[in-house]
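Read through the structure below, which is laid out as structure tokens, and then see the notes.
Basis for what follows: all heavy atoms, side chains included, without hydrogens, waters or symmetry-related copies.
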Amino acid sequence: MAEKDILEKVLMSYADVFADCVNTLAYRGVRRLSEENLQPAPTESFYQGKERMRNQFCDKSFYRMEDGAIGAQYIIGNETRLERWQVVRKASYQGGAYRDQLGTGKPLYPVIGMVLDWMGKKSRIPLSLRGLLAKEGATQEELELADDVQLAVYHMRNLSKEVREKFVGGMLFFRDMGFVADYLNTGSFEGRGSQPIVHVKELCEMIEDLTGDKRFTEKIDVLLKRREKGEEVRMCEYIDMLEARGERRGIIIGRKEGEKRGEKRLADLIHLLMKEKKYDEIDAASTNRQRRQELYRLYNIL
């Protein structure tokens, strides 16, 4: 779980990915943040403990800059397991960011926090400070007097198609978080195949770690060499490379069940064609990708 947290933070450290997440989830697709108006913000803050000063770290944070001044600060927490006291952690991070503004003589800017849950599909924790206090035994009278803090949690494995389609990064560029969201929710990249991958290594490692599908890092070196040459890498080309690798194995294995999805699909198709003695189609399926895809649909091989 700790390694998953690290990989999520690596991809989120890119301003374009960070902006896309905030725009899609918090602003419902309105492009309020961009790579150009973001600047990294501190992830460490300090507070006075019982005996000495202590520090705390949030995951990723950026400032939205406006005419050279800070307009707002955004904090994203990446979680693979939500904790009961998650809302207290949020209040602590944001409190530290507001504390840092005391005595600066500058206008106060808002601190906006959100949590991305990468493993669950719904929240089983209190989503407000008052909700947590109620579960901890606070009286109704005390709850009415206590200040509240709301916790915004987005379950990355439970995003609707409407929400996922908003992961587009901007008018001219597509962003990598859309690939992650689509694959976690549908198991495919349908609809994004022609889109370019921006952060190749980080994206592939993150998807592999979140899904356990090791195919995604098998050809990273090939893609990185293409990027070094200035070539654009599109997701459909990468998937073709992975499927072709598996399907070449499938031709050898024939009717035996392959270890990879491409192997199994081709093996199943060849088996059906052999039963129907359609030998010309077997040859076409082995050499012609377009015809192979048509046959998959014809025989309902998913």
Side-chain angles (χ1 to χ4, degrees), residues 1-45 56-65 70-83 86 89-90 92-94 96-97 110-120 151-159 163-164 166-170 173-185 189 192 195-211 216-217 220 235:
M1 290 299 182
E3 185 177 352
K4 286 183 174 63
D5 286 343
I6 292 172
L7 291 172
E8 290 144 16
K9 293 172 189 176
V10 169
L11 187 58
M12 203 67 65
S13 66
Y14 291 101
D16 59 326
V17 177
F18 189 98
D20 203 18
C21 280
V22 175
N23 290 334
T24 297
L25 300 174
Y27 291 122
R28 298 179 175 85
V30 178
R31 320 319 294 178
R32 296 195 181 278
L33 303 185
S34 68
E35 182 178 1
E36 291 73 24
N37 68 10
L38 289 182
Q39 177 178 306
T43 56
E44 182 181 18
S45 60
Q56 61 182 2
F57 293 88
C58 61
D59 283 354
K60 296 309 304 180
S61 183
F62 278 86
Y63 293 128
R64 176 183 60 79
M65 305 302 294
I70 300 173
Q73 181 176 352
Y74 295 83
I75 299 173
I76 291 182
N78 293 285
E79 299 293 342
T80 51
R81 184 177 64 183
L82 294 173
E83 300 177 357
Q86 198 81 43
R89 291 178 60 184
K90 174 190 177 181
S92 182
Y93 295 150
Q94 291 182 264
V111 181
I112 301 164
M114 56 193 288
V115 173
L116 306 186
D117 172 26
W118 292 97
M119 302 306 290
L151 181 65
V153 178
Y154 299 95
H155 304 285
M156 301 304 287
R157 293 177 182 266
N158 192 25
L159 298 179
V163 171
R164 298 196 312 272
K166 292 181 172 65
F167 281 109
V168 295
F173 301 99
F174 297 101
R175 298 306 183 193
D176 294 339
M177 194 52 66
F179 294 124
V180 178
D182 276 2
Y183 198 78
L184 289 180
N185 286 270
F189 302 105
R192 294 186 187 271
Q195 297 180 9
I197 303 174
V198 181
H199 308 293
V200 174
K201 185 175 185 293
E202 294 81 359
L203 173 65
C204 293
E205 288 182 346
M206 182 176 177
I207 294 179
E208 177 190 313
D209 216 64
L210 287 170
T211 65
F216 287 100
T217 55
I220 284 182
M235 181 57 76

Donor-acceptor contact below 3.5 Å, side chain [X] vs main chain [Y]:
X: Asp59; Y: Ile75; answer: no
X: Asn185; Y: Asn158; answer: yes
X: Arg157; Y: His155; answer: no
X: Asn37; Y: Arg64; answer: no
X: Glu35; Y: Ala15; answer: no
X: Asn23; Y: Leu33; answer: yes

Taking side chain as C-beta onward, heavy atoms only, is [X] less than 4.5 Å from [Y]?
X: Glu79; Y: Arg89; result: yes
X: Met206; Y: Val180; result: yes
X: Lys60; Y: Phe18; result: yes
X: Leu25; Y: Phe167; result: yes
X: Met177; Y: Met12; result: yes

State, to 0.1 Å, how close [X] and [Y] come at their nearest heavy-atom pair, and which atoms those are.
X: Ala181; Y: Leu159; answer: CB-CD1, 4.2 Å
X: Ile76; Y: Cys21; answer: CD1-CB, 4.2 Å
X: Gln195; Y: Phe179; answer: O-CZ, 3.6 Å
X: Ala97; Y: Gln73; answer: CB-OE1, 3.6 Å
X: Pro42; Y: Tyr63; answer: CD-OH, 3.2 Å
X: Arg28; Y: Lys166; answer: O-CE, 3.0 Å

Across all chains, not counting sequence neighbours, the salt bridge (charged side-chain N to carboxylate O under 4.0 Å, His left out) partners of Asp182 are Arg164, Arg192
Nearest-0.5 Å distance that lies between atom [atom1] in [X] and atom [atom2] in [Y]:
X: Ser61; Y: Ile112; atom1: OG; atom2: CD1; result: 10.5 Å
X: Gln86; Y: Arg81; atom1: CD; atom2: CZ; result: 10.5 Å
X: Leu116; Y: Tyr154; atom1: CG; atom2: OH; result: 9.0 Å
X: Ser34; Y: Asp20; atom1: OG; atom2: CG; result: 11.5 Å
X: Met114; Y: Lys90; atom1: CE; atom2: NZ; result: 10.0 Å
X: Leu210; Y: Met156; atom1: CG; atom2: CE; result: 9.5 Å

How about Tyr14 and Glu202: does a side-chain donor come under 3.5 Å of a side-chain acceptor? yes
With a 3.5 Å cut-off and no angle check, do the side chains of Thr217 and Glu205 form a donor-acceptor pair? no
One pair to check against side chain to side chain contact (heavy atoms under 4.5 Å, CB included): Arg31 and Thr24. What are the steps and the verdict? CA-CA 8 Å; Arg31 320 319 294 178; Thr24 297; 4.0 Å; yes
What residues form a ring pair (Phe, Tyr, Trp, His ring centres under 6.0 Å) with Tyr183, not counting sequence neighbours? Phe189, Phe216
Could you pull out all residues at least two apart from Tyr74 that satisfy side-chain hydrogen bond (donor to acceptor under 3.5 Å, both in side chains)? Tyr27
Check against side chain to side chain contact (heavy atoms under 4.5 Å, CB included), His199 and Asp16: CA-CA 10 Å; His199 308 293; Asp16 59 326; 3.1 Å; yes
